[in-house]
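Here's the structure we're looking at; comments come further down.
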Amino acid sequence: MFKKALPVWAKEQENEFAVTLGFYCKVPQAQESAVLRVATSGFYRVFINGEFVYYGPIRCAHGHYRVDEVPLFDRLTRSENHIAVEVVNYAVDSFASLQQPGFIQMEWEQDGAVLAVTDVKATSFTYYQLMQRERKIQRYSVQRTFAEAYHLSPDTDAWRMGGISPDAQPCELAQQEDKTLLPRELPYHTFPSVSPVTVCSCGTVTVGQPPEKLYRNRSLDTTAYTGVPIEEQPFVLTDDIQCLTTTPVDVVAREYTGTTFLKANGYEILSLARECTGFIRLTVHCDAPATLLVTFDEILTSEGDVSALRMQCVNILRLDLQPGTHTFMTMEPYGFKYVKVMAFTGDVTVTDLQLVEYVHPYPCKTSLPGGDEQEKAIYEAAWHTLRQNAADLFTDCPTRERAGWLCDSFFIGRVAQFFTGETLMEKQFLENFILPDRLPDVPDGMVPMCYPSDHRNGEFILNWGLWYVAELDDYTRRTGDTTLAERSRDLVYRMVRYLQTIENKDGLLDRLPSWAFVEWSKANDLVMDINFPNNMIYQYMLRAAGHLYGDTLLLDKADALKQTILVRSFNGEFFVDNEVYRDGVPVSTGETSETCQYHAFFFGVATPESHPQLWKTLTTEFGPQRAITGAYPKVYPSNAFTGNVLRLDVLLRYGLYEQCRREVVGYYADMARITGTLWENMTSTASCNHGFAAYPAYLLYYAMQQKEPPFTLR
């Protein structure tokens, strides 16, 4: 895909943490075409004539890299144009990116001629190691790489325009080994910007002593998570923020005008209209050295403040500023509704604070056919949730993790196709699991719980692998594309063989290895020894694989397992969650969760016809109102994922359209009102923007049409 470029990186720094390089060239105005080709193990962004124009790449599997060919003809507006590319490689394990040696392979082609290439023998690019970002800093979270802190002078970015920057140091490049390259295929992003609409409050922050019990994020433990030892960090962002006491002076909301004047120790809290995801961009001026702190979150605390530490994240940006004017944009995307700017030291003026969106590259092509105001708000919130969790692959959340989780992806895949009519991103998401010869960090035959990610501790969720096969089957039937399933055949059958090693004599999965998980509810305390919700998924996985590959043995095995579950789990009133061993004999616990019931109906173990009394109980006594009525207190309530989603799906599947509509409103109306996105849990204690939660838009649409959706399980 490259005509001349070769992979390069800073010499002997391929495995160093958070190395940032800059590449500069100057080109004339194009007459017909201009394209930048880029592949990298890290993340890059492009500036033309000092203006941000692009960010990438599309994340891919271990040892595989997708090539962007960014069309930039219309950006070359001058007779002489300055091209600057920044690239960072983090070289740490994470859920959001892979720990791989640093490289970038890049070339600029214009009007049919290659004008600049990466090659240790070429001089067409001027290259630097960029030093303004603090490298010895704590991780943003366990699941992501490093937080961001910078030392900025007015000339920090002068190199982007061919000037001299004190923070751009010449470096020696070394050629890297050839890479396995794949086409990007997905559309290119556009990066619209969003501005705050409201000033929520302002006041002062006082620097004092740390609290008696200092909170420290678990990601600071470098014996468990790759990172910089705390004693090597020049400052600890989370320690510093806990030394601040906020004193509001004005809490009357007013319109944001685009300018914030802050005296030393002053602050202002700004609000977007809804939660959004992207890069923080701002211009800040100071006449003397100053430090600006920016914190952000999806919600406000009960005191009306912004928590920088919620969800064990480091929602803190630090800018140490020399006198002058600085225009700055974060390298990493973040999700938030509220942002707090603080003059930690010195007086500052902050102007044009914006969020530059990094979201789904496809437009929405579907609209809700009617509905009341709450339903319309939920539908819109679902679209915004989807687009923020499908920027380059399907993710659980755009904040804490940005990780490509299975199970979440099953529901995201359906709703992404529903909203946009497109399935290419889902194909790439599923394809990532079959690109490597061997998936690292998991047993042979198993898949990572999220990917592309690193799992150095070997942790995996077995039933998320079962969801992988369910989604592969769902994707195949929705799209008619059988090629991906055929390419996945070896992986699926290796999974079948692996699962056989943890079956008991009755064919039930028994004492699941690693992380046995159902959902964040009491149901997750009932996962051992023989867990029936997970076995319900297992029998469906076998059925899906049997249909995909015409394997009657797998279909027969699925039927037999279904009958075993019916005999062992159903107590005549409810499905019991698990059996545990007592004196070597599996004995029912008698414990029942709401979520277990929905697994039974969702995966075809039960139907309204086969279990009419249970179906009547679930449809008349359960649902959003049960939090008020307290019906069946011994049946542990579901959480948003997966229990409530499965419930709503089966209501729609079996024709209870009006009830489905009511319950979607009951579960999601408050979420849409508070953040404009839909949440991981039924409360705001976790992510307030979770990919699977876009699914209610799909449910609402077909409930209003009063017809069964086209995509249902077998």
Side-chain angles (χ1 to χ4, degrees), residues 364-387 389-390 394 407-421 423 426 467 470-471 474-475 477-478 519 594-595 597-604 607-608 615 618-619 622-626 638-673 676-682 689-713:
C364 181
K365 296 180 179 179
T366 307
S367 59
L368 195 66
D372 61 24
E373 291 306 310
Q374 287 183 313
E375 289 172 322
K376 291 176 182 177
I378 292 167
Y379 189 86
E380 184 177 2
W383 164 242
H384 285 282
T385 299
L386 180 278
R387 64 196 292 265
N389 282 288
F394 295 161
C407 188
D408 297 65
S409 63
F410 178 95
F411 300 95
I412 302 172
R414 284 186 174 184
V415 76
Q417 181 177 0
F418 162 74
F419 269 128
T420 69
T423 59
E426 183 177 20
W467 277 101
E471 183 178 358
D474 205 58
Y475 166 86
R477 290 187 295 118
R478 284 189 276 112
E519 70 169 10
E594 187 179 357
T595 296
Q597 317 313 308
Y598 302 144
H599 274 72
F601 283 91
F602 187 83
F603 290 108
T607 67
W615 179 247
L618 292 176
T619 55
F622 286 73
Q625 75 279 2
R626 193 162 77 103
S638 290
N639 204 340
F641 188 61
T642 57
N644 292 345
V645 169
L646 300 187
R647 173 185 175 83
L648 293 170
D649 185 274
V650 296
L651 289 178
L652 180 66
R653 189 187 310 176
Y654 292 116
L656 298 182
Y657 303 121
E658 291 305 315
Q659 183 171 353
C660 182
R661 289 179 63 176
R662 291 194 306 271
E663 294 195 8
V664 165
V665 171
Y667 284 130
Y668 294 102
D670 283 348
M671 302 180 191
R673 175 180 56 81
T677 49
L678 304 178
W679 303 352
E680 177 180 8
N681 292 336
M682 291 310 300
N689 188 346
H690 233 67
F692 78 86
Y695 199 59
Y698 166 88
L699 301 171
L700 273 178
Y701 180 88
Y702 286 104
M704 288 182 181
Q705 300 279 356
Q706 295 207 349
K707 63 181 181 181
E708 183 179 345
F711 315 140
T712 58
L713 295 193

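Hydrogens, waters and symmetry mates play no part in the numbers below; they use all other heavy atoms, side chains included. Not measured: the values here are computed from a predicted model.
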(message) For the backbone of T595 and the side chain of E519, can you confirm whether one donor and one acceptor N or O come within less than 3.5 Å of each other?
(response) no
(message) What's the separation between atom CG in L368 and atom CE in M704, rounded to the nearest 0.5 Å?
(response) 4.0 Å
(message) If you compare all heavy atoms of V665 against all heavy atoms of I378, which two are closest, and at what distance to 0.1 Å?
(response) CA-CD1, 3.7 Å
(message) So T420 and K365, do their side chains get closer than 4.5 Å, heavy atoms only?
(response) no
(request) Please name the residue in the list Y598, F622, Y654 that meets the ring-ring contact (aromatic ring centres under 6.0 Å, His included) test with W615. (result) Y654
(message) Using 0.5 Å steps for rounding, measure from the CD atom of Q417 to the CG atom of D474.
(response) 9.0 Å
(request) Let me know which of F641, F410, Y698, F411 forms a ring-ring contact (aromatic ring centres under 6.0 Å, His included) with F692. (result) F641
(request) Look only at the side chain of S409 and the backbone of F394, and say whether a donor-acceptor pair between them is shorter than 3.5 Å. (result) no
(message) Do E375 and V664 have side chains that approach each other closer than 4.5 Å (heavy atoms only, starting at C-beta)?
(response) no
(message) Are the side chains of W383 and T366 in contact, using a 4.5 Å heavy-atom criterion?
(response) no
(request) With sequence neighbours excluded, tell me which residues meet salt bridge (charged side-chain N to carboxylate O under 4.0 Å, His left out) with E658. (result) R661
(message) Checking the side chain of R653 only, and the main-chain atoms of F602 only, is there a donor and an acceptor separated by less than 3.5 Å?
(response) yes
